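The block underneath contains the structure these notes are about, expressed in structure tokens.
The structure presented is a predicted model; accordingly, all values stated were derived computationally and were not measured. To find a chain, count down the sequence lines: A is the first, B the second, and so on, and within it residues start at 1.
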Amino acid sequence: MSHDVNPLVILVASILTNNILLVYFLGMCSFVAVSKKIETAAGLGAAVIFVLTATTPINWLLNHYFLEDNALAWLVGPHLASKVHLGIFALVFFIAVIAGFVQIVELVVERFSPALYYALGIFLPLITVNCAILGGSLFMVEWKFNFMQSIAYGFGAGAGWALAILVMAGLRKRMRISLVPRGLEGMGITMIVTGVMAMAFMAFNGIVPV
Amino acid sequence: MMLSVYLVGVGSFMGLILLLTGLILVANKYLADYGECKIRINDAEPLVVEGGSSLLQSLYNNKIFIPSACGGQATCGECRVRVLQGGGEILPTETPFFTRAEVRAGMRLACQVKVRSDVAIEIPEEYLSVQQFQTEVISARKLTYDMAEVRFKLIDPDTIEARPGQYIQIKVPDEESPDGFVFRAYSISSKPSETHEVEVVVRQIPGGKGSTYVHHMKVADKVEITGPYGKFKLNEDPECHLLLVGGGAGMAPMKNLIHHCMETTPQRPVELYFGARSTEDIFYLEEFEALAKEHANFKVVYALSDLKEDSKWKGPTGFIHLHVDKLYHPPEKRQVFLCGPPPMINAVITVLEAKGLAEDEIFYDKF
Ligand SMILES: Cc1cc2nc3c(=O)[nH]c(=O)nc-3n(C[C@H](O)[C@H](O)[C@H](O)COP(=O)(O)OP(=O)(O)OC[C@H]3O[C@@H](n4cnc5c(N)ncnc54)[C@H](O)[C@@H]3O)c2cc1C
Ligand code: FES
């Protein structure tokens, strides 16, 4: 994606044409594990949307004011800033923010839906290491988005991931009554179906100019 | 120059972490604080508790002792209560313990319900009579390499009214648990008529919290127990035949039942089948054989399943359910109590069902 597109276009693109799961295949682990039931898939989808929407812009701010080349000019003056490159810390900073927000999501889910909290189990704290989340922040840097674009992208990538897992959960519900060859049951057929879904999503190519 | 990169880097990272920690602490304060909640039990005056802990724990703090044989891990299913109001939705950890009708009626596991708002519950009246006892160890001895027999003298209160076959729970200090202790269930092996003492027979589970605690008890140790618990009701009809089948730690309730029957209804027919692996696992055999000499109506069969070749054992061998199959002929009036490891219990149940006993005639404790 180029950096001069309208945030709304980015929003649509990140959900459909550049779906973080179906095009970049990020966040597969919890996608496969939690897509057995629609309710839990929806819960995890919502949690991922929240974490991505919150962390992508925050990481944008961190990147813009601390990590980029010359980013520290506001703090230490242009001369010193041109010599200090904090870019090497990007991964650590991003992950710290993500981990913090996942903690908060955990508190919220435990408070308001204990049933979902137990159903998600280990996959809730594991959002921290969901590559879709870190991917969101890294793509945002890679594609040189501005602040508004990063909000749109964060939300769009999360919504795209949630859409994918929901569709998958719906399909798997139907699949329970279909005859799957023994060796492909569970994981195998899920991967194949994901591939087919990814191809289906290619049909969206061209609806937004990116 | 390199140094300033590190300093600025580490400094800003520290700042970020502090900021995030602050954020989480604030969120925690608002999200994990439930304030005071009321618990209404069987239409009595509500208790006021600090919200946020499990229902089991909140009731314990108010001296209401719900059976919790697994100590709140949702594996025993003993802590069933009916939640009429509050308590939220049933959790996936609980559903295996209930039928659909029970779920609709509001049955829950008290250890899984978190008190977050005012709740109203219904519990059997008899739970309200469960007491907490301060006790002192008056004897502790090893029965085999992995079985210990420990006897407690009740101090405050000093009397327990237990039915035959019931169990108590021992409070086990545990640094890992958030409350500092866990409870473990142990069947009472002493006679119900010994109302000032309680004896347990415990098998050492490698690394087990409760069993290790009991195995390290010494005379004069102070121990806290709660009880009595257990749904088993002995049929006291002196003509009713009593079949007892056990293995391992399952001996404890058998000993209790046998002594109780010999004391109250000495003519009652009682058969004990006890399965062990090898001669090293045998205990109480001499005591029971002496009893069988006195009482013609008491029969005892010990069978060893894992006999070493050089052993001097002359008695029956093989799995215990095979001996039950061969020797037990169900009379008209009968009662059955099984206690031991799950595979043994399942095998015995299969044998008994083939002999025409109905499922509800067979009472068992698996552990
Ligand atoms: C109604 C009732 C009555 C009971 N009566 C007696 C009794 O009279 N005597 C007695 O000794 N026990 C009895 N038990 C079992 C007892 O309550 C404990 O479960 C047992 O002592 C293990 O607890 P622990 O704290 O030592 O082990 P834990 O710390 O709970 O467990 C340690 C590890 O051992 C494993 N483990 C637990 N139980 C077993 C087992 N039986 N075999 C192999 N591995 C195991 C656990 O999975 C865990 O990994 C009874 C249980 C119930 C429900
Ligand atoms: S299920 Fe064992 S205490 Fe609740």
Next on the checklist: I'd like to check A/Pro181 versus A/Leu184 (side-chain heavy atoms, cut-off strictly below 4.5 Å). Are they in contact?
Outcome noted: yes
Next on the checklist: Heavy-atom pairs under 4.5 Å with chain B - which of A/Phe93, A/Phe66, A/Phe89 has more of them than the others?
Outcome noted: A/Phe93
Checklist entry - With distance as the sole test, does B/Asn28 use its side chain to make a donor-acceptor pair with the main-chain N or O of B/Ile24 at under 3.5 Å? => result no
Next on the checklist: So which atom in B/Gly207 and which in B/Thr212 form the shortest heavy-atom distance, rounded to 0.1 Å?
Outcome noted: C-OG1, 4.3 Å
Checklist outcome for this item: Residues A/Val141 and A/Asn63: closest non-hydrogen pair is CG2-ND2, 3.7 Å
Next on the checklist: Between A/Leu62 and chain B, with a heavy-atom cut-off of 4.5 Å, which part of the residue counts as in contact: side chain, backbone, both or neither?
Outcome noted: side chain
Checklist outcome for this item: Heavy-atom closest pair (A/Ser137 atom, A/Asn59 atom, distance to 0.1 Å) is OG-ND2, 2.7 Å
Checklist entry - Just by modelled atom types, is the B/Ile123 backbone N or O under 3.5 Å from a matching donor or acceptor in the B/Asn42 side chain? => result yes
Checklist entry - For the residue pair A/Trp143 and A/Tyr153, does the interplanar ring angle fall in the parallel (under 30°), tilted (30 to 60°) or perpendicular (over 60°) class? => result perpendicular
Next on the checklist: Restricting to ring-ring contact (aromatic ring centres under 6.0 Å, His included), what partner residues turn up for A/Tyr117, sequence neighbours left out?
Outcome noted: none
Checklist entry - Between B/Gly210 and B/Arg184, which heavy-atom pair has the shortest distance, and what is it? => result CA-CG, 3.8 Å
Checklist outcome for this item: Ordered numerically, the heavy-atom neighbours of chain A under 4.5 Å found in residues 48-65 of chain B are none
Checklist entry - At a heavy-atom separation under 4.5 Å, does A/Leu75 approach chain B through its side chain, its backbone, both, or neither? => result neither
Checklist entry - Can you tell me how far the CG atom of A/Leu171 sits from the OG atom of A/Ser178, to the nearest 0.5 Å? => result 9.5 Å
Checklist entry - When the ring planes of A/Phe139 and A/Tyr24 are compared, do they come out parallel, tilted or perpendicular, using 30° and 60° as the limits? => result tilted
Item to check | A/Phe50 and A/Phe101 aromatic ring geometry - parallel, tilted or perpendicular at 30°/60° bounds | outcome: tilted
Checklist entry - Would you find a donor on one side and an acceptor on the other, under 3.5 Å apart, between the side chain of B/Gln166 and the backbone of B/Gly230? => result yes
Checklist entry - B/Leu19, B/Ile17, B/Leu16: which one forms the most heavy-atom pairs within less than 4.5 Å of chain A? => result B/Leu16
Next on the checklist: Is A/Leu86 close to chain B through its backbone or its side chain, or both, or neither, when contacts mean heavy atoms under 4.5 Å?
Outcome noted: side chain
Item to check | Closest approach of A/Ser150 to A/Phe145 (non-hydrogen atoms, all atoms of both residues) | outcome: N-CB, 4.2 Å
Next on the checklist: Using a 4.5 Å heavy-atom cutoff, which residues in residues 114-122 of chain B come close to chain A?
Outcome noted: B/Lys114, B/Arg116
Item to check | Proximity of residues 82-102 of chain B to chain A, residues having a non-hydrogen atom under 4.5 angstrom | outcome: B/Glu89, B/Ile90, B/Leu91, B/Pro92, B/Thr93
Checklist outcome for this item: Minimal heavy-atom distance between A/Gly27 and A/Trp161, with the atoms involved, is O-NE1, 3.4 Å
